[in-house]
Peer 1: 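The structure's right below; bear with me while I get my questions together.
In listed order, ligands and their atoms are each counted from 1.
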Amino acid sequence: MRRFEIREPKSIHEACRILAEEEDVKLIAGGTALLILIKQGLFVPKTLINLKKIKDAGEITYNHQDGLRVGGLATIYDIESAPAVREHYPLLAQACHVVANIRIRNMATVGGNLAHADYQSDPPAALVALDARVELTNRNQVRIVKLADFLIGMYETGLEQDELLTALLVPPPAPNFRDTYLKFTTGSSEDRPCAGIAARVQSSNGLCEEVRVVVGAVSPTPVVVMDQNSMSGKKLTGDWIEEVASKAEAAVDPIDDLRGTADYKRRLVKVLVRRALTACVTGEGHR
Ligand SMILES: Cc1cc2nc3c(=O)[nH]c(=O)nc-3n(C[C@H](O)[C@H](O)[C@H](O)COP(=O)(O)OP(=O)(O)OC[C@H]3O[C@@H](n4cnc5c(N)ncnc54)[C@H](O)[C@@H]3O)c2cc1C
């Protein structure tokens, strides 16, 4: 039997202090990722710091000036069901809603999802498309990092050993955007994504002002395949959709894994981007 000590801090400050002072410690939130690794013997920490006893660390707040703030301990279900998220960030609510199943979503936290950095995840692509940032806290300071920079590689982030991911920050929504998240699994519908597409189109009078497409789960980190400019000013026609979808296909460099070969995923990206943009352009996307 593996034995470890469990510490249960009551504040972020106390959690940071334990993290800085003790050796061989690991944070635990929902435990949906970490406990699997512990059971497999891949991790045998001496001490686990249970974050779930910290009050208000999963609070979700919104205002028009600053946008959305989601505490790192908010569960995926807290986010998908929060009225402010549903109203102002339906893309995020949608990406959270398709994570696994209700039991996992009720346990899994957004801090754990982002800190674990499994590339086959849903929320990161939507959050990168929304320009989200993460708040990282240690004993002495708080720093804010763009999520796209925080996610460095497979299971690799910019989190320092003594830091906690204390919040997710999403800027206020810009006007005239329609967006959607499409998840594709090669297993059951509750499976992790083989590919996940977050698409956002800002338009006025049928002309594209900005298009943003982020592909998740095919590479170690979400890939921003299209971020405005070259496609802006153009009419939102079928040809325009086809052009963006082809650019997306050319831009990704997928990896082979159990959920599909690189070649399969590259072709899949084109199909999914086409579908996602069609939903945005025809008004089936949110807003
Ligand atoms: C059966 C199953 C199906 C799944 N399907 C999907 C899916 O379809 N889509 C998807 O996106 N995800 C899926 N997941 C992954 C799931 O979303 C993640 O496991 C979950 O979000 C991790 O959060 P947690 O709170 O459980 O993290 P934990 O397991 O508690 O921790 C994970 C890691 O993050 C660290 N950590 C936790 N909180 C913090 C913090 N605040 N600051 C710093 N580090 C922290 C821990 O030390 C650990 O290294 C699935 C998981 C399972 C088990």
Peer 1: Find all atoms of ligand 1 within a distance of less than 4.0 Å from any non-hydrogen atom belonging to Ile28, and give their numbers and elements.
Peer 2: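 Counting atoms of ligand 1 from 1, those under 4.0 Å from Ile28 are 30 (O).
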
Peer 1: Quick test: of every protein heavy atom, which one is nearest to atom 27 (O) of ligand 1, and how far off is it to 0.1 Å?
Peer 2: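 Among all protein heavy atoms, the one nearest atom 27 (O) of ligand 1 is Gly112 CA, 3.5 Å.
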
Peer 1: Using side-chain heavy atoms (C-beta onward) and a distance below 4.5 Å, is Ile38 in contact with Pro45?
Peer 2: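 They are in contact (side-chain heavy atoms under 4.5 Å apart), so the answer is yes.
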
Peer 1: Kindly indicate, with the supporting measurements, whether the criterion salt bridge (charged side-chain N to carboxylate O under 4.0 Å, His left out) is fulfilled by Glu210 and Arg200.
Peer 2: CA-CA 8 Å; Glu210 181 175 344; Arg200 312 195 70 209; over 6 Å; no

Peer 1: Which protein heavy atom lies closest to atom 1 (C) of ligand 1, and at what distance to 0.1 Å?
Peer 2: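 Checked against all protein heavy atoms, atom 1 (C) of ligand 1 sits closest to Ile104 CD1, 3.9 Å.
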
Peer 1: With heavy-atom distances below 4.5 Å as the criterion, would you say the side chains of Ser219 and Ile255 are in contact?
Peer 2: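 Heavy-atom side-chain distance check fails, nothing below 4.5 Å.
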
Peer 1: Using a strict 4.0 Å cut-off to heavy atoms of Leu164, name the atoms of ligand 1 that fall inside it.
Peer 2: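 By the 4.0 Å cutoff, the relevant atoms are 42 (N).
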
Peer 1: Out of Ala95, Ala29, Ser121, indicate the one that has the non-hydrogen atom closest to atom 30 (O) of ligand 1.
Peer 2: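 Nearest option to atom 30 (O) of ligand 1, by heavy atoms: Ala29.
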
Peer 1: With a 6.0 Å cut-off (strictly less than), is the heavy-atom count around CG of Asp253, excluding the residue itself, greater than 12?
Peer 2: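 Not more than 12 within 6.0 Å, no.
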
Peer 1: Given Ala74, Ala115, Gly71, identify the one with the heavy atom nearest to atom 36 (N) of ligand 1.
Peer 2: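 When every heavy atom of Ala74, Ala115, Gly71 is considered, Ala115 comes closest to atom 36 (N) of ligand 1.
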
Peer 1: Heavy atoms, side chains only, cut-off 4.5 Å: are Ser232 and Glu209 in contact?
Peer 2: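 A side-chain contact under 4.5 Å is absent here.
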
Peer 1: For salt bridge (charged side-chain N to carboxylate O under 4.0 Å, His left out), just list the numbers for Asp256 and Lys265, CA-CA rounded to whole Å, side-chain angles, deciding distance to a tenth of an Å, and then say yes or no.
Peer 2: CA-CA 8 Å; Asp256 290 313; Lys265 290 184 198 171; over 6 Å; no

Peer 1: Would you say Leu34 and ligand 1 have an N/O pair spaced under 3.5 Å apart?
Peer 2: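 Leu34 vs ligand 1: N/O contact under 3.5 Å present.
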
Peer 1: Can you tell me if Trp240 uses its side chain to pair, donor with acceptor, with the backbone of Met231 under 3.5 Å?
Peer 2: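 Side chain of Trp240 to backbone of Met231: a pair is present.
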
Peer 1: How far is atom 28 (P) of ligand 1 from its nearest protein heavy atom, and which residue and atom is that?
Peer 2: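 I find the closest protein heavy atom is Gly31 N, 3.5 Å.
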
Peer 1: Please determine whether side chain to side chain donor-acceptor pair (under 3.5 Å) holds for the pair Asn138 and Glu163, giving the CA-CA distance in whole Å, both sets of side-chain angles, and the decisive distance to 0.1 Å.
Peer 2: CA-CA 5 Å; Asn138 72 11; Glu163 283 178 325; 4.9 Å; no

Peer 1: Do the rings of Tyr89 and Tyr62 sit parallel, tilted or perpendicular, given the 30° and 60° boundaries?
Peer 2: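 If you compare the ring of Tyr89 with that of Tyr62, the planes turn out perpendicular.
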
Peer 1: If you measure from atom 12 (N) of ligand 1 to every heavy atom of Val99, Asn101, Ile38, which option wins on shortest distance?
Peer 2: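 Comparing heavy atoms across Val99, Asn101, Ile38, the nearest one to atom 12 (N) of ligand 1 lies in Val99.
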
Peer 1: Do the charged groups of Glu22 and Arg7 touch, with an N to O distance under 4.0 Å?
Peer 2: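 Answer for the salt bridge query: yes.
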
Peer 1: Below 4.0 angstrom from a heavy atom of Pro123, which ligand 1 atoms are there? Numbered from 1 as shown, please.
Peer 2: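 Answer for ligand 1: 11 (O).
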
Peer 1: Write out the residue and atom name of the closest protein heavy atom to atom 16 (C) of ligand 1, then the distance separating them to 0.1 Å.
Peer 2: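 Here the closest protein heavy atom is Thr32 OG1, 4.0 Å.
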
Peer 1: Have Gln202 and Asn176 got a donor and an acceptor in their side chains that come within less than 3.5 Å?
Peer 2: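 Their side chains do not contain a donor-acceptor pair, so the 3.5 Å distance test is not met.
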
Peer 1: Number the atoms of ligand 1 from 1 as they appear, then name those within less than 4.0 Å of a heavy atom of Ala33, with their elements.
Peer 2: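 With Ala33 as reference, the close atoms of ligand 1 come out as 19 (O), 26 (O), 29 (O), 32 (C).
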
Peer 1: Closer than 4.0 Å to some heavy atom of Gly30 - which atoms of ligand 1 meet that?
Peer 2: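 Taking each heavy atom of Gly30 in turn, ligand 1 has 24 (P), 25 (O), 26 (O), 30 (O) under 4.0 Å.
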
Peer 1: Applying a strict 4.0 Å limit to heavy atoms, is Lys183 in contact with ligand 1?
Peer 2: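 In this structure, Lys183 qualifies as a contact of ligand 1 - some heavy atom is under 4.0 Å.
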
Peer 1: Is Asp78 paired with Arg105 through a side-chain N to carboxylate O contact shorter than 4.0 Å?
Peer 2: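 So Arg105 does not pair with Asp78 through a salt bridge.
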
Peer 1: Considering only heavy atoms, which of Ile49, Leu35, Leu165 lies nearest to atom 42 (N) of ligand 1?
Peer 2: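 It is Leu165 that holds the nearest heavy atom.
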
Peer 1: Identify whether Leu168 and Val99 are in the same connected component of the hydrophobic contact network (ILVMFWY, side-chain heavy atoms under 4.5 Å).
Peer 2: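 They do not share one cluster, since no chain of ILVMFWY contacts under 4.5 Å joins Leu168 to Val99.
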
Peer 1: Heavy-atom contacts with Asp191 under 4.0 Å: which atoms of ligand 1 show up? List them by number with element.
Peer 2: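 This gives 8 (O) as the contact atoms.
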
Peer 1: Heavy-atom distance to atom 9 (N) of ligand 1: which of Val134, Asp118, Thr157, Asp122 wins?
Peer 2: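 Ranked by closest heavy atom to atom 9 (N) of ligand 1, first place is Asp122.
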
Peer 1: Among protein heavy atoms, which lies nearest atom 17 (O) of ligand 1, and at what distance?
Peer 2: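 Among all protein heavy atoms, the one nearest atom 17 (O) of ligand 1 is Asn113 ND2, 3.2 Å.
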
Peer 1: Which residue supplies the protein heavy atom nearest to atom 46 (C) of ligand 1, what is that atom called, and how far is it?
Peer 2: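 Nearest neighbour among protein heavy atoms for atom 46 (C) of ligand 1, to 0.1 Å: Leu27 O, 3.1 Å.
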
Peer 1: Which of the numbered atoms in ligand 1 are under 4.0 angstrom from any heavy atom belonging to Leu159?
Peer 2: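 Answer for ligand 1: 43 (C), 44 (N).
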
Peer 1: How far is atom 14 (N) of ligand 1 from its nearest protein heavy atom, and which residue and atom name does that atom have?
Peer 2: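 Heavy-atom neighbour on the protein nearest atom 14 (N) of ligand 1: Arg192 NH2, 3.3 Å.
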
Peer 1: Can you report which non-hydrogen protein atom sits closest to atom 5 (N) of ligand 1, along with the distance?
Peer 2: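 Of every protein heavy atom, Ala100 CB, 3.3 Å lies nearest to atom 5 (N) of ligand 1.
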
